[in-house]
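Please read the structure below before turning to the comments.
Chain letters run A, B, ... following the sequence lines, proteins first and then strands; every chain starts at 1.
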Amino acid sequence: MTFICRFAPSPTGPLHIGGVRTALFNWLLAKKNKGKFFLRIEDTDKERSKDEFKNQIISSLGWLGVKHDDKEYIQSKNINKHVEVANELVKKGFAYYCYCTEKDLEEQKTQAKRKSLPFVYNRKCRDLKEKKDSPAVLRFKSKISGSSLIKDLVQGEMNVSNLTIEDFVILRKDKTPTYQLSATVDDHEMKITHVIRGDDHKINTFKQKQIYDAMGWKIPEFAHIPLIHSESGKKLSKRDKASTIDDYIKIGILSDALRNYLLRLGWAHKDKEIFTLDESIKLFDLKGVGRSPSKLDMSRILSINEHYIKHIDEKELFKLLKIYCKKFKKNIDSSKENILLKSMNFLKNKAKTLEDIFQNAQYILQDNIQVSPEDAKLLDASSKKIIKDFLDEFEKLSKTNKETLEKIVNDLLSKYKTNFKGVGQPLRIALTGSKYGPGLYDILLSLDKDEIVKRLKMIK
RNA sequence: GGUCCCAUCGUCUAACGGUUAGGACAGAUGGUUUUCAAUCAUCUAAUCGGGGUUCGAUUCCCCGUGGGACCGCCA
């Protein structure tokens, strides 16, 4: 059996992390089964659909490595077909025109509320014999007796009484198709075999199933995955903080790390936490998807990111840093590239994100060291004397390496009868502008000799 | 209000009906260290409540409670 999966977002806002995970799961299932993964842009809401969001969706998924097969499908291009199907449904007696106004519907709703009935359209126009001239929407004639059963790959058997499914609109007053129709027709046309989507779509499945049945089409397999909740415990929305991919890119999260985090959100494989791309394709399955919603946890994202920062190839990491700086900070000067690359091995040890690395590398990137007033206080007379002594010896050095540097420092330790901090701190402040930073020898060995001399001479 | 779904440490989760209920993140403590980190070791911490079924229930069933989703001419 071939697997054809899809992800079908609407370009009405930036794609958030929940959608990204849905896309990832679809993609994984397709890859695992050597099938296809399509991206379909559901832009039938002309008012709210924006090209800008379409591009954001495509680039977000691309960044994560979730690449779709073929060119993306644009739903609005297939509208004629959707309408055609709508007309066929009318012909077959599965759809009818409804002339109720918004006011009517409003009224019906308050009535229903009062009587504790479901807020569904009351099917007032369902059995209207003659056609009127006034504007109408086309509604699907839902079943009103019995119940419907859908076997869901994650939820198990879902059973719903048909009476609770309303006669939903499939064609708007302006004759344009709605989601229920378009999505169903497109899924059928694209020969989608598996639909993984958020469980907020569960009721839609029952509506769509009726269209499939009415048209005599084969219904795909469905898997409704639980939603991702924000810290507040509610369905994640585009308005939540740190909800889009861009939010994570901006703070320097690696795509592998985010992919890994998302994979483990709602899915597990034994005790395994870290999955390479290949492993996730091989190991992913719908059986491992749970049925309860999960919360976003920033500290966990950071922790996984830290893991990837420490484990990927340093050249690769440097490349990512360069891209990151160019986009969000400032271009790394080519004269600094070598020294930065050489320093990745220790810079990365103190970093959870690319932004952290950037911060830790400030002493390399900045030519003029600014000592904060607070740290400047630590540079008292004796500290300055130590710096001066160090400088004298350092300038005499013919060969700069860990041993020769250590000798200077050790001599100072005994001369001033102090501990390492007594020597290390003033030097670190003079060289980096901060009392926090990389190990002293890492700093000393990463900077050019002239630069070190220059910086130390600044301290008077 | 109606319909549906969910419930294991704070969080993500593991556990053929039989485990001292496991792992990871976070947190705490200690060791190491050159500051901040990192690292190593140790610790704290959970089966929502009540009934069944069963020799035995985190697991199956019912009720309650709590949380969530949906109820658009949005998708």
Side-chain angles (χ1 to χ4, degrees), chain A residues 8-13 19 42-45 47-49 75 98 100-102 105 109 112-121 135-139 152 155-156 158-161 163-166 168-180 182-183 197-204 206 224 226-227 229 231 233-235 261 264-274 288 290-304 306-307 310 346 348-352 356 360 409 419-425 427-429 432 434-443:
Chain A
S10 64
T12 54
E42 307 221 325
D43 60 343
T44 51
D45 182 344
E47 301 263 302
R48 299 194 302 150
S49 293
Q75 186 159 67
C98 165
C100 293
T101 62
E102 266 177 55
L105 296 173
K109 202 170 163 182
K113 220 172 219 176
R114 197 166 315 139
K115 293 182 193 160
S116 290
L117 291 168
F119 306 160
V120 295
Y121 169 64
V137 297
L138 188 64
R139 288 184 183 271
D152 187 282
Q155 305 285 328
M158 306 194 293
N159 205 330
V160 145
S161 160
L163 224 91
T164 64
I165 299 163
E166 79 171 347
F168 51 97
V169 173
I170 55 178
L171 238 42
R172 301 185 184 96
K173 208 175 282 176
D174 65 3
K175 306 290 178 228
T176 59
T178 64
Y179 164 76
Q180 305 293 1
S182 297
R197 44 158 51 155
D199 69 12
D200 50 342
H201 278 288
K202 270 192 283 190
I203 292 295
N204 293 334
F206 287 94
H224 288 91
L227 300 176
H229 285 177
E231 312 256 342
K234 297 264 162 64
K235 171 182 175 178
Y261 172 76
R264 280 287 285 100
L265 203 57
W267 178 84
H269 178 79
K270 299 178 184 164
D271 277 348
K272 198 167 164 60
E273 299 286 350
I274 300 296
R291 283 199 281 170
S292 52
S294 36
K295 271 186 198 157
L296 228 38
D297 180 0
M298 196 56 188
S299 66
R300 200 179 177 79
I301 296 175
L302 289 173
S303 150
I304 293 180
E306 184 179 9
H307 177 272
K310 288 194 173 129
F346 62 86
K348 71 179 184 183
N349 283 330
K350 292 168 189 271
K352 282 182 160 50
D356 289 346
N360 294 340
V409 171
N419 58 13
F420 189 92
K421 195 177 170 187
V423 172
Q425 183 164 282
L427 285 172
R428 182 179 288 108
I429 292 173
T432 69
S434 167
K435 65 180 164 176
Y436 305 126
L440 183 63
Y441 296 118
D442 285 333
I443 298 170

Open item on the list: In whole Å, measure the gap between the C1' atoms of B:A45 and B:C5 for me.
Closed with: 28 Å
Task: d(OH, A:Tyr436; C1', B:A37) in whole Å - done: 11 Å
Task: B:G49 to B:G31 separation - C1' atoms, rounded to the nearest Å - done: 44 Å
Open item on the list: Over all strands shown, is A:Glu231 touching base, sugar-phosphate only, or nothing at heavy-atom distances under 4.0 angstrom?
Closed with: nothing
Open item on the list: Applying a 4.0 Å non-hydrogen cut-off, can you work out what A:Tyr261 is touching in the nucleic acid: base, sugar-phosphate, or nothing?
Closed with: nothing
Open item on the list: Classify A:Glu47 by what it touches in the nucleic acid, base, sugar-phosphate, or nothing, heavy-atom distance under 4.0 Å.
Closed with: nothing
TODO: In whole angstrom, give the distance that lies between atom CD1 of A:Ile304 and atom P of B:C25.
DONE: 10 Å
TODO: Please report, rounded to the nearest Å, how far the P atom of B:G72 is from the OH atom of A:Tyr179.
DONE: 15 Å
Task: Pairwise C1' distance for B:A14 and B:U47, with rounding to whole Å - done: 13 Å
Task: 5' precedence on RNA chain B between A:Lys435 and A:Lys270 (nearest-nucleotide basis) - done: A:Lys270
- [ ] Could you tell me whether A:Gly233 contacts a base, only the sugar-phosphate backbone, or nothing, with contacts defined as non-hydrogen atoms closer than 4.0 Å?
- [x] sugar-phosphate
Open item on the list: Taking any heavy-atom pair under 4.0 Å as a contact, classify A:Arg114: base, sugar-phosphate, or nothing.
Closed with: nothing
TODO: Identify the nucleotide, in any strand shown, that forms a Watson-Crick or G-U wobble pair with B:A41, with both distances under 3.5 Å; if there is none, say none.
DONE: B:U29
Open item on the list: Suppose we define a pair by two distances each less than 3.5 Å, Watson-Crick or G-U wobble; what does B:U54 pair with here?
Closed with: none
Open item on the list: With a 4.0 Å cutoff (strictly under), does any side-chain N or O of A:Lys295 reach OP1 or OP2 of B:G67?
Closed with: no
Open item on the list: Counting the atoms with a prime plus P, OP1 and OP2 as sugar-phosphate, which does A:Glu273 contact under 4.0 Å by heavy atoms, base, sugar-phosphate, or nothing?
Closed with: base
Open item on the list: Within the 4.0 Å heavy-atom criterion, would you say A:Lys352 contacts the bases, only the backbone, or no part of the nucleic acid?
Closed with: sugar-phosphate
Open item on the list: So A:Arg300, base contact, sugar-phosphate only, or nothing? Heavy-atom distance under 4.0 Å.
Closed with: base
Open item on the list: Please classify the nucleic acid contact of A:Ser434 as base, sugar-phosphate, or nothing, using heavy-atom distances under 4.0 Å.
Closed with: nothing
Open item on the list: Just to be sure I understand the rule, does A:Leu265 reach a base, reach only the sugar-phosphate, or reach nothing, if contact means heavy atoms closer than 4.0 Å?
Closed with: sugar-phosphate
Open item on the list: Checking base pairs now: Watson-Crick or wobble, both atom distances under 3.5 Å. What partners B:G2?
Closed with: B:C70
- [ ] Select base, sugar-phosphate, or nothing to describe what A:Asn419 touches, counting heavy atoms under 4.0 Å on all strands.
- [x] nothing
- [ ] Tell me what A:Gly437 touches on the nucleic acid: a base, only sugar-phosphate, or nothing, going by heavy atoms under 4.0 Å.
- [x] base
Open item on the list: Students often get this wrong, so: under 4.0 angstrom with heavy atoms, is A:Pro438 touching a base, only sugar-phosphate, or nothing?
Closed with: base
Task: Under 5.5 Å and under 30°: A:His201 stacked on B:A75 - done: yes
- [ ] Assign A:Lys173 to base, sugar-phosphate, or nothing according to its heavy-atom contacts below 4.0 angstrom with the strands shown.
- [x] base
- [ ] Could you check which nucleotide pairs with B:A14 in any of the strands shown, counting Watson-Crick or G-U wobble with both distances under 3.5 Å?
- [x] none
